[in-house]
Amino acid sequence: CRIVTYGDHCKDANELLMSEGPEALLRALEQAVEIPLEGIFTAGDVTEELQALFEKGLEKGAVLGMGELDDILSLETGRLMIVTGIPGDGKSEFLDDLAVRLNLRYNWRCAYFSPENFPVTLHFNKLIEKLVGKRFMKGIMTEQEFEAAVRYLSHNFYDILPEESYQVDYILEKADALVRRKGIRLIVIDPYNCLEHQIPSGQSETQYIGEFLEKLRNFARRRQVLVILAAHPTKMKRDPLTKKYPVPTMYDISGSAAFFNKADFGLAIERDRERGITRVHVQKVKFRHLGQPGVASFQYN
């Protein structure tokens with residue numbers, strides 16, 4: 001199908017034929033443009049964007065201000081991040097710190113689905129500590145710092161904790177409302193096993209997880225947010241000699257290799273209790289302008 005136009009002074013083909021002759025009508029037919037196909041693009045449709053990339057190159061994403069981690073990881077919206085680690089090794093603490101840093105540095109408002117941080121007052125307690133940089137205790141944190149932090153969090157962080165359902169569709173529906181109304185740019189789902197999963201009859205767990213992760217990834221792209229999913233690995237076995245657990249990978253998450261395959265970013269958090277060090281293992285960065293695999297070590301203050 002093509003769209004024919006007849007100039008500014010003619011309303012249809014007959015007027016053009018009568019006023020300017022058959023040659024003008026033939027030109028109008030030759031110059032008729034195709035109706036664009038929805039969801040189909042060519043390089044010509046994004047010429048300006050390609051020109052900017054050609055001249056400036058791909059730009060690094062948002063960095064956290066965390067030293068050597070910034071050298072191997074930068075973030076952008078429209079992506080899916082999977083974070084794993086042995087329970088108790090600090091996934092939630094790291095994700096809280098990440099969310100506060102992205103908010104302070106780039107004004108990315110954040111929505112959480114984190115039932116393990118129930119009641120929500122305990123979660124906001126932890127966020128306030130990271131925002132102020134002091135323990136959440138009267139006499140250590142001043143009244144003015146406490147009040148300022150509460151005001152700040154009220155405009156930038158939202159906890160999704162519905163009474164009706166913990167299914168992913170319902171959580172994303174609430175998140176979508178926050179994207180539209182509050183302009184959130186970051187969604188943290190912590191952890192995967194706190195969602196209500198209903199695998200349809202006849203579908204394997206692997207197939208279900210693949211569709212579940214694709215749903216998160218599509219939501220991230222359509223709404224231009226960064227979606228972060230925390231997921232526990234299967235029960236890990238201690239090394240008989242060192243008595244330590246190995247660092248889990250996304251392939252160790254129960255159910256499917258899709259946790260690795262579908263992710264744009266893949267991280268594992270490891271706590272070395274003997275040395276008092278937490279290591280952030282960047283195991284996957286899908287696009288090289290955003291980083292590369294590597295390890296960054298930290299001491300928790």
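Since this is a predicted model, take the numbers as computed values, not measurements.
Crowding of E48 atom CD: a count of heavy atoms from other residues, nucleotides or ligands under 6.0 Å not exceeding 12. Remark: E59 CD is loosely packed, at most 12 non-hydrogen atoms of other residues, nucleotides or ligands lying under 6.0 Å away. Atom CD of E49 has more than 12 heavy atoms from other residues, nucleotides or ligands within 6.0 Å. Environment of CZ in R181: sparse, with no more than 12 heavy atoms of neighbouring residues, nucleotides or ligands closer than 6.0 Å.
Between N103 and C110, the closest side-chain pair of non-hydrogen atoms is not below 4.5 Å. Using a 4.5 Å heavy-atom cutoff, the side chains of L213 and L229 are in contact. Residues L69 and F298 form a side-chain contact, since some pair of their non-hydrogen atoms from C-beta on lies under 4.5 Å apart. In this structure, the side chains of K262 and I209 stay at 4.5 Å or more apart for every pair of heavy atoms. Counting heavy atoms from C-beta on, the side chains of R185 and L102 never come closer than 4.5 Å. Looking at heavy atoms from C-beta onward, F113 lies in side-chain contact with L195 at the 4.5 angstrom threshold. Counting only heavy atoms from C-beta outward, the side chains of D89 and T278 never approach each other to under 4.5 Å. Side-chain contact between L161 and Y166: present, with at least one pair of heavy atoms (C-beta onward) separated by less than 4.5 Å.
Atom CZ in R222 sits 12.5 Å away from atom CZ in R217 (nearest 0.5 Å). Here the straight-line distance linking atom CD1 of I128 with atom CZ of R135 works out to 14.5 Å at 0.5 Å rounding.
Salt bridge annotation for D70-K60: absent, with no cationic side-chain nitrogen under 4.0 angstrom from a carboxylate oxygen. Salt-bridge annotation for K91 and D190: absent, with no side-chain N of the basic residue lying under 4.0 Å from a carboxylate O of the acidic one. Taking the charged nitrogens against the carboxylate oxygens, K126 and D97 have no contact shorter than 4.0 Å, which rules out a salt bridge.
Aromatic ring centroids of H123 and F157 lie 6.0 Å or more apart. You'll find the ring centres of F259 and Y192 inside the 6.0 Å limit.
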